[in-house]
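As the structure lists them, so they are numbered: ligands from 1, and atoms in each ligand from 1. Any value given below was found using the heavy atoms of this structure, including those in side chains, with hydrogens, waters and symmetry copies removed.
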Amino acid sequence: MKINLNPETDPQSKIIVAMDVPSAAEAINLCDRLPQVSFWKVGLELFIADGSTILRELKARDKKIFLDLKLHDIPNTVASACRVATKYGADFLTIHASGGSAMMQAAQAEAQGSSTQLLAVSLLTSISATELATDLKVSLEVSEYVSKLVLLAKESGLTGAVCSPHEVKNLRSQLGDDFCFVTPGVRPAGAAVGDQSRVMTPQEAIAAGANYLVIGRPIVAAPDPVAAWEKICQALT
Ligand SMILES: O=C(O)c1cc(=O)[nH]c(=O)n1[C@@H]1O[C@H](COP(=O)(O)O)[C@@H](O)[C@H]1O
């Protein structure tokens, strides 16, 4: 486990591009079209299709890797999965905070001493305040619920979390500068929001205190991914 707080000032280094494509061949093509991207996220679709291939290729290209497996199971199962997943040498690996403290502690015990930092996923950025209340039957406000999950992650020994940019400012003031916040739910002005609910622009997310932004479709599904990437970088400088 290391605390990856991204002290670099270069705004490009704060963007993690989500490789949400169905095969290693497509992922490698994307990676080679965007050599400026230093940090890539491998999610469930790609990992299930071709996980070990793409992780090996990203390592060979000296890229940073966010392995987004969102593990959520009983403590023993998640700990065992973490033991195996950390062998890939990714920089970040996700588990769900809602799995509870015992699960997070067991996972952290496995990640400790590896080069992989665990991130606790709080409330998915696709979930709106209405869904939280009506579908999930949670009576707390979104910000309060996310705070509780992130504080539980910190108490369980984790040093980073995933949440929407909307919750970062408040959490940053509670947890200080030593905690790593990674925020999906990022949309450049005018981009399609799609299935995301709690979104902000890249500039707003950085201003709110995010260490890293996760951006997928606004780059990967753009007609010209290189132009989309450059436009986002320009907006951040
Ligand atoms: O853990 C994540 O990365 C994640 C957590 C979350 O709450 N919301 C969320 O969108 N993500 C991921 O971030 C990426 C966002 O992609 P776009 O909505 O296309 O920008 C996807 O790969 C999601 O799986």
Side-chain angles (χ1 to χ4, degrees), residues 4 14-22 26-27 30-31 34 37 39-49 51 54 58 64-72 78 82 85 90-99 104 107 116-129 131-132 135-136 138 142-143 145-147 149-150 153 158 160-168 171 180-202 204-206 208 210-223 225 228-229 231-232 235-236:
N4 191 346
K14 297 179 192 296
I15 303 174
I16 302 175
V17 180
M19 275 186 155
D20 289 334
V21 294
E26 283 169 80
L30 188 63
C31 187
L34 285 163
V37 176
F39 212 148
W40 289 96
K41 184 171 85 80
V42 175
L44 286 174
E45 178 189 18
L46 183 55
F47 186 77
I48 292 168
I54 188 59
L58 288 171
K64 289 173 130 184
I65 302 170
F66 174 177
L67 181 52
D68 181 24
L69 299 184
K70 292 194 182 68
L71 301 171
H72 189 178
V78 168
C82 283
D91 297 271
F92 290 139
L93 170 67
T94 43
I95 62 175
H96 267 291
S98 56
M104 286 192 279
T116 304
Q117 178 177 5
L118 290 187
L119 298 177
V121 176
S122 56
L123 181 68
L124 292 169
T125 53
S126 54
I127 306 278
S128 65
E131 280 177 292
L132 183 67
D135 293 357
L136 305 185
V138 172
V142 168
S143 60
Y145 184 59
V146 171
S147 284
L149 288 171
V150 173
L158 274 70
V162 178
C163 60
S164 99
H166 286 272
E167 294 96 40
V168 169
L171 281 165
C180 183
F181 287 102
V182 178
T183 63
V186 174
R187 287 291 180 269
V193 170
D195 54 358
Q196 297 285 5
S197 288
R198 307 191 324 277
V199 299
M200 279 188 175
T201 65
E204 289 168 337
I206 294 287
N211 298 92
Y212 292 95
L213 317 180
V214 178
I215 307 179
R217 287 162 290 183
I219 296 172
V220 173
W229 158 264
K231 201 169 169 196
I232 291 170
L236 284 177

In terms of its nearest heavy atom to atom 12 (C) of ligand 1, the top option of Lys41, Glu45, His96 is Lys41

Using distance alone, determine whether Arg187 and ligand 1 share an N or O pair under 3.5 Å.
-> yes

Of all protein heavy atoms, the one nearest atom 5 (C) of ligand 1 is Pro184 CG, 3.6 Å

Ligand 1 to Arg217, heavy atom cutoff 4.0 Å, flagged ligand atoms 17 (P), 18 (O), 19 (O), 20 (O)

In this structure, atom 3 (O) of ligand 1 is nearest to the protein heavy atom Asp68 OD2, 3.3 Å

Whether Gly185 lies under 4.0 Å from ligand 1, heavy atom | no

dist Asp20:CG -> Leu44:CG (nearest 0.5 Å) comes out at 9.5 Å

heavy-atom search around atom 10 (O) of ligand 1 in the protein gives Gln196 NE2, 2.8 Å

Would you call the rings of Phe92 and Tyr212 parallel, tilted or perpendicular, taking 30° and 60° as the class edges?
perpendicular

Do Val142 and His166 have side chains that get closer than 4.5 Å, going by heavy atoms? no

- Can any side-chain N or O of Thr116 pair as donor or acceptor with the backbone N or O of Ala90 at less than 3.5 Å? yes

Honestly, for Asp20 the part within reach of ligand 1 (heavy atoms, under 4.0 Å) is side chain

For Lys70, the salt bridge (Lys or Arg N to Asp or Glu O under 4.0 Å) test, sequence neighbours excluded, returns Asp68

So for Pro218 against ligand 1, with non-hydrogen atoms under 4.0 Å, the contacting part is side chain

In ligand 1, the atoms that come under 4.0 Å of a heavy atom of Val214 are 13 (O), 14 (C)

Of all heavy-atom pairs linking Cys82 and Ala107, the shortest is SG-CB, 3.7 Å

Within the 4.0 Å heavy-atom cut-off, what Thr125 brings close to ligand 1 is both

Leu124 heavy atoms within 4.0 Å reach ligand 1 at atoms 6 (C), 7 (O)

Going by heavy atoms in the side chains, are Ile215 and Trp229 under 4.5 Å from each other? no

Would you check the N or O atoms of Ala18, main chain and side chain alike, for any that come under 3.5 Å of an N or O of ligand 1?
no

Those residues at least two apart in sequence (or on a different chain) that pass salt bridge (Lys or Arg N to Asp or Glu O under 4.0 Å) with Asp195 are Arg217

- Item | Contact check, side chains of Ile232 and Leu213, non-hydrogen atoms, under 4.5 Å | no

Looking only at distances, can you tell me whether any N or O atom of Lys70, backbone or side chain, sits closer than 3.5 Å to an N or O atom of ligand 1? yes

